Amino acid sequence: MEANVLQSLQFSTWVDLEKIGSNTSGNVRFSRGFRKSQKLQVLISAQLQPRRPPSSHHKKVSLEVSCSYNKLPASVIESGNFHAPFDEGLIVKNKSQEIKPYLSGRCIYLVGMMGSGKTTVGKILSEVLGYSFRDCDTLVEQEVGEVSVAEIFKLYGEDFFRDKETEALRELSLMQRLVVSTGGGAVVRPINWKYMHTGISIWLDVPLEALAQRIAAVGTNSRPLLHYELGDTYTKTFMLLSALFEERGDAYANANVRVSSEKIAAKMGQRAVLDLSPTDVAIEALEQIEGLLKGEDGLCAEF
Ligand SMILES: Nc1ncnc2c1ncn2[C@@H]1O[C@H](COP(=O)(O)OP(=O)(O)O)[C@@H](O)[C@H]1O
Ligand SMILES: O=C(O)C1=C[C@@H](OP(=O)(O)O)[C@@H](O)[C@H](O)C1
């Protein structure tokens, strides 16, 4: 995901000819006119070209070194192009530090269907922001007594689970500096939105086909709403996810920001959604939060 990163760099510095004169191993040579005791002002400029093709992990960098003497026009003494590794880890870290002051410690709540990446992307966001990570489902399991979500559904039913989920969100809403991965169904109860709106909510919007592929790859044992009798895992999962989304899809739109995997893929030059890395999604989420908090007038929005 091409974040708004540094595209050019320029700085000047002084070099001591005496030091360079003794080891002109580079391409810099000085005419006899220079007295060795002179200092020379050198200008370094680097242009970072946009990442092309988007899927590549290298950026082309053109570098130019020029020098001027006694305020005479600078003349280029060295230039070249090279490819620098495009480090999405650096991008997401830089972006997180840019927006952290605007967050003012507010929690980030990730909402989305099962398999949308709430846990995976949430852990990346918590890491780069220096926030703690909380998984709402895990808190419910701990509260009930180290019983799995699937067992809770089986032993006590979904309503019991939803009550525990709401209690967990109420407790989380009293805290700060958390990234919270919510359960896929947390959006259904309005009271849950009252708690999540104490922070910033992000909807990870991923196509159902991708969700079904991801979940089919890991199995549905931990997701009781996707349990079914024998059959083709992908197709059954896709059918059940489609029915769930039909019921609750509109509720996700209550989130403060929507991170669409399809839009990220399009921005990156029509990459397939399944090719997007969790970090690509995390960068987009941070950019969306930045847009929300800075608002149209570029100031920090209070909301
Ligand atoms: N952007 C991504 N690219 C590839 N795989 C992903 C991505 N996001 C999540 N996954 C994988 O999909 C599965 C579900 O992700 P998870 O974070 O557990 O989703 P959720 O918490 O929303 O249910 C995991 O196996 C995870 O590794
Ligand atoms: O969509 C849902 O209703 C659910 C999603 C699950 O969380 P994940 O989204 O982490 O799978 C978990 O809360 C429970 O199985 C119910």
Side-chain angles (χ1 to χ4, degrees), residues 1 55 88 92 108-127 133-144 147-169 172 179-189 192 196 201-228 233-234 237 240-249 251-252 255 259-265 268 271-285:
M1 180 59 233
S55 57
E88 61 183 19
V92 71
I108 293 177
Y109 293 88
L110 296 174
V111 301
M113 288 286 286
M114 289 180 257
S116 56
K118 303 185 291 294
T119 303
T120 307
V121 174
K123 286 179 176 174
I124 294 171
L125 291 174
S126 64
E127 175 74 25
F133 176 78
R134 292 290 184 277
D135 183 292
C136 199
D137 281 350
T138 303
L139 294 176
V140 170
E141 290 172 335
Q142 290 167 350
E143 158 62 24
V144 177
V147 182
S148 72
V149 167
E151 280 298 300
I152 292 170
F153 270 69
K154 192 174 169 184
L155 297 172
Y156 309 109
E158 181 173 352
D159 285 348
F160 175 88
F161 171 82
R162 297 296 175 202
D163 291 343
K164 294 295 182 186
E165 184 175 54
T166 296
E167 177 55 21
L169 287 170
L172 289 166
V179 175
V180 179
S181 169
T182 68
V187 298
V188 172
R189 285 189 173 186
N192 293 345
M196 291 191 285
S201 47
I202 301 174
W203 170 21
L204 299 184
D205 184 7
V206 180
L208 294 173
E209 297 81 0
L211 299 180
Q213 287 194 43
R214 287 177 183 172
I215 292 172
V218 296
T220 60
N221 291 342
S222 65
R223 296 177 164 106
L225 292 179
L226 301 180
H227 287 178
Y228 43 76
T233 306
Y234 170 83
T237 302
L240 290 167
L241 286 171
S242 300
L244 278 173
F245 192 73
E246 185 67 30
E247 286 170 26
R248 65 173 66 160
Y252 291 112
V259 173
S260 161
S261 292
E262 287 178 314
K263 285 190 176 176
I264 300 173
M268 297 180 76
R271 280 178 66 183
V273 164
L274 285 175
D275 289 342
L276 294 180
S277 73
T279 304
D280 288 327
V281 179
I283 291 170
E284 177 70 14

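Nothing here was measured: the structure is a model prediction, and the numbers come from that model. Counting starts at 1 for both ligands and their atoms, following the listed order.
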Is the shortest N/O to N/O distance between Asp137 and ligand 2 below 3.5 Å? yes
Closer than 4.0 Å to some heavy atom of Leu276 - which atoms of ligand 1 meet that? 1 (N), 2 (C), 3 (N)
What part of Lys118 sits under 4.0 Å from ligand 1 if we count only heavy atoms: the side chain, the backbone, both or neither? both
Looking only at heavy atoms, is any part of Arg248 under 4.0 Å from ligand 2, and if so is it the side chain, the backbone, or both, or is it neither? side chain
Closest to atom 15 (O) of ligand 2 (heavy atoms only, candidates Pro224, Ser148, Gly115, Ser181) is Pro224
Can you find a pair of side-chain heavy atoms, one from Arg189 and one from Asp163, that are under 4.5 Å apart? yes
Nearest heavy-atom pair of Ile152 and Glu141: which atoms, and what distance? CD1-CA, 4.3 Å
Which segment of Leu110 sits under 4.0 Å of ligand 1 when only heavy atoms are counted: neither
Shortest non-hydrogen contact from Cys136 toward Thr182: CB-CA, 4.0 Å
Look at atom 21 (O) of ligand 1 and say which protein heavy atom is nearest, naming residue and atom and giving the distance to 0.1 Å. Thr119 OG1, 2.8 Å
Here the atoms of ligand 1 under 4.0 Å from any heavy atom belonging to Ser277 are 1 (N)
Is the number of heavy atoms from other residues, nucleotides or ligands under 6.0 Å of Glu127 CD greater than 12? no
Considering non-hydrogen atoms of the protein only, which is the closest contact for atom 14 (C) of ligand 2, and what is the distance? Val149 CG1, 3.9 Å
Quick one: which of Lys118, Arg162, Met113 has a heavy atom closest to atom 16 (C) of ligand 2? Arg162
Taking all non-hydrogen atoms of both residues into account, name the closest pair between Val144 and Phe160 and its distance. CG2-CE2, 3.9 Å
Does the side-chain contact (heavy atoms from CB on, under 4.5 Å) test come out yes or no for Val281 and Thr120, once each step is laid out? CA-CA 10 Å; Val281 179; Thr120 307; over 6 Å; no
Taking 4.0 angstrom as the limit and counting only heavy atoms of Met113, give me the atoms of ligand 1 inside it, by number and element. 22 (O)
Once you restrict to heavy atoms under 4.0 Å, what part of Arg223 touches ligand 1? Side chain, backbone, both or neither. side chain
Would you say that more than 12 heavy atoms from the other residues, nucleotides or ligands in this model lie under 6.0 Å from the OH of Tyr234, or not? yes
Taking 4.0 angstrom as the limit and counting only heavy atoms of Val218, give me the atoms of ligand 1 inside it, by number and element. 25 (O)
Return the closest protein heavy atom for atom 13 (C) of ligand 1 as residue, atom name and distance. Arg214 CB, 4.2 Å
In terms of residue, atom name and distance, what is the protein heavy atom nearest to atom 11 (O) of ligand 2? Arg223 NE, 2.8 Å
Please check: side-chain N/O of Thr220 versus main-chain N/O of Arg223, any donor-acceptor pairing under 3.5 Å? no
Glu262 side chain reached by Pro207 side chain, heavy atoms, under 4.5 Å: yes
Where is the nearest protein heavy atom to atom 14 (C) of ligand 1: which residue, which atom, and how far? Gly115 CA, 3.8 Å
Identity and separation of the nearest protein heavy atom to atom 16 (P) of ligand 1: Thr120 OG1, 3.6 Å
Would Gly184 count as being in polar contact with ligand 2, using the rule that some N or O on each side must be under 3.5 angstrom apart? yes
Parallel, tilted or perpendicular: which one describes the rings of Phe153 and Phe161, with boundaries at 30° and 60°? tilted
